[in-house]
Number of protein chains: 2
Amino acid sequence: MTLSDVAKAAGVSLSTASRAINGSKDRTVNPELRDRVLAAAAELRYAPNAAAQAIARGRSTTLSLIVHDLTDPYFSSIAAGVSRAAKAAGSTVILGIAEHDLAQTMSLVEAARSHRSQGLVIVGGLRADTELLSALQSVIDDYRRATGAGVAIVGQGVLDVASVAPANREGAAALARALVARGNRTYAILTGPSDHLTGRDRAEGFTEGLADSGEIIALIEGDFTRDGGYAAMTELLSEAVRPDVVFAVNDVMAVGALAAARDAGVRVPEDVRVAGFDDIPTLRDIVPSLTTVRVPLERIGEFAVSLALGEDITDESATQEYEVVLRDSTN
Amino acid sequence: MTLSDVAKAAGVSLSTASRAINGSKDRTVNPELRDRVLAAAAELRYAPNAAAQAIARGRSTTLSLIVHDLTDPYFSSIAAGVSRAAKAAGSTVILGIAEHDLAQTMSLVEAARSHRSQGLVIVGGLRADTELLSALQSVIDDYRRATGAGVAIVGQGVLDVASVAPANREGAAALARALVARGNRTYAILTGPSDHLTGRDRAEGFTEGLADSGEIIALIEGDFTRDGGYAAMTELLSEAVRPDVVFAVNDVMAVGALAAARDAGVRVPEDVRVAGFDDIPTLRDIVPSLTTVRVPLERIGEFAVSLALGEDITDESATQEYEVVLRDSTN
DNA sequence: TGGTGCTCGGAAATCGCTTGCCGAGCGTAA
DNA sequence: TTACGCTCGGCAAGCGATTTCCGAGCACCA
């Protein structure tokens, strides 16, 4: 079923059929003809060929989204927001999974370029390694040059690219202050790999928030995953001193830390308190319920889309909002 | 940067450039020329226009994936598998979120048709409503006819479409038997909306598994979500009799049930035991740890792709495997 | 040396659609 | 009645690739 079949069936020319169907601006088509075309199209169950349209119009209607791991609720929350905003903007989402691998990320950016996506959203996981980063930067520049489209990164703004991040520093600082106010003095931070920027920001924000009302007695790196949190917590617990509070830089790690504590026979919050970051809904029913910082991840995703698509009126409040949620794990 | 720019730069014709780049079969191109073309392409950072290729070749290289809710770990697990398999098959994933809405599902199928996707995977959430279902069926048939491509549904096979589902009945039955063997006699089932087929299958399988060694004293419907589980459990606990075990047809609902019990001051597993289904990794650290049935959701997603893509050698073991995992919540 | 059969570049058709341009037809005003 | 200006179909030229087909050039054999 091509458009020309429809035109034939309606007894009009190709151009008229095209104009009738996508109601071309600054051109009107006779209502009677239009209806005939529409009827024929419906009759034949015509669906326009998206690729042909893209090529004829000179631009596609896709938005490329790159995330590292869809099973991680952090990514899937943001992806959900991206997807919703894309739908609202009338774009189709092309999804790529990068598996925390910069090479894959780069090849997905190339794919986005091949598809001439109208926008590109890359979610998180940027490492500080300069050399690799500049390779990514150049691939992104190629993408921009080829498509003229926008790029948004959810995470830190290390690249020369619009970036949108939750209020990592501020949220972590506020969390620290709240913890200090509750009388906690000594702290440990379970952070991600040292070059992981989001983790770094949160750790630094937390440190700032403590100011000199609290002392950081340990900083342990681990994978940004549940198991990473478990391992880091296990390591921490094997040491002589035990902090009042353990701050894991995200909820998934905090859950791992909780499990490690449990397995080690250390009670939370009695023996040690634990806090996370993100307030992932799926983790709401963890026991003890997790003290954390709520950030609007889905809205961050939506904002990233509006950035990538270069929309004008953009509400960037999502990048500022955060809420410290004190729950049982730090009681 | 078009291919003809590359051809010009390399001093060859368009056809030669094309052949050099995608190494056309049954045609060889002079190595020297080929290298010149490749060099020019690299130099100019040429990226083929996917839309143009799709139209010229007469087929796209995309696979459309429709899920209902990316923030639900059930869907994101499957989506992760789909995405991985698509990558392996060299396809690009087009992602659509249907929000449990049949109308949106249908329009996403139309979109897949517009993109002439090589395959279509629809994940779950099929309701038994005949009328709507047949509308979906007809849209799917249109898709098939237009693309000649395959469709796979993850869930029940109510439509005339290849379907792939985890071992819902078998797994639930095995769970029931394991629970019976531990001496539990009375049961309640928290299921999804009555027309939700996966929930129904699991409930029925569970019932079969009990045979006459156990008695179902309540069957409560709720949303297929955490809150649905919470509400259903609350309702159950308000009744006079209390079952030995509550089986929620998925983990997310089971977590809600756990929370409801906790809020009602009912201890698990002392006062009542709770079991779920899926064994979602993110929920592994719930306390009390959840008895459930592990099904290989990611591999189910992969299998769905091979079905949709019409691959020959397909390992369908993922649809048979299950493992009853007894944990603290039914101790 | 002439004929035959390859190999392999390049010209051109094609995919399905959009859109610039031309011109037919009609209404209106002088 | 003539001229002018609109409105609105349709022809045809792209968009950026792939692929068919043609023919030039060369090797090989008789």
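The chains referred to below are lettered A, B, ... by the order of the sequence lines, with proteins before strands, and numbering in each begins at 1.
Between the OG1 atom of T2(A) and the CG atom of N49(A) there is a distance of 9.5 Å, given to the nearest 0.5 Å.
Straight-line distance from the OH atom of Y46(A) to the P atom of dG16(C): 10 Å, rounded to whole Å. Following rounding to the nearest Å, N49(B) (CG) and dG14(D) (C1') show an atom-to-atom distance of 14 Å. Across the protein-nucleic acid pair, R113(B) atom CZ and dG16(C) atom P stand 15 Å apart, rounded to whole Å. L3(B) places its CG atom 6 Å from the P atom of dT18(D), with the value rounded to the nearest Å. Q53(B) places its CD atom 14 Å from the C1' atom of dC15(D), with the value rounded to the nearest Å.
For dC17(C), neither phosphate oxygen OP1 nor OP2 lies less than 4.0 angstrom from any side-chain nitrogen or oxygen of S18(A).
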How would you summarise protein contacts on nucleotides 7-15 of chain C per nucleotide, using B for base, S for sugar-phosphate only and - for none, with heavy-atom distances below 4.0 Å? -BBBB---B
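A pairwise comparison of heavy atoms in K87(B) and I97(A) identifies NZ-O, 2.9 Å as the closest pair.
Residue N22(A) has its side chain nearest to dT18(C) when only dT18(D), dT18(C), dA17(D) are considered.
Legend: residues meeting ring pair (Phe, Tyr, Trp, His ring centres under 6.0 Å) with Y74(B), ordered by chain and number and at least two apart, are absent. Partners of E110(B) under the side chain to side chain donor-acceptor pair (under 3.5 Å) rule, at least two apart in sequence or in another chain, are R113(B).
Applying the salt bridge (Lys or Arg N to Asp or Glu O under 4.0 Å) definition to pairs two or more places apart or across chains, none involves residues 49-59 of chain A. Judged as a salt bridge (Lys or Arg N to Asp or Glu O under 4.0 Å), the pairs with a partner in residues 140-165 of chain B (not counting sequence neighbours) are, in order, R45(A)-D142(B), D141(B)-R144(B), D142(B)-R145(B).
Under the 3.5 Å distance criterion, with hydrogens and angles disregarded, a donor-acceptor pair is assigned to the side chains of S117(A) and T62(A). Between Q118(B) and T61(B), the side chains place no donor N or O within less than 3.5 Å of an acceptor N or O (distance only, hydrogens not considered).
Comparing the axis of the opening five pairs of the helix from dT1(C)-dA30(D) to dA30(C)-dT1(D) with that of the closing five pairs yields an angle of 50°, rounded to 10°.
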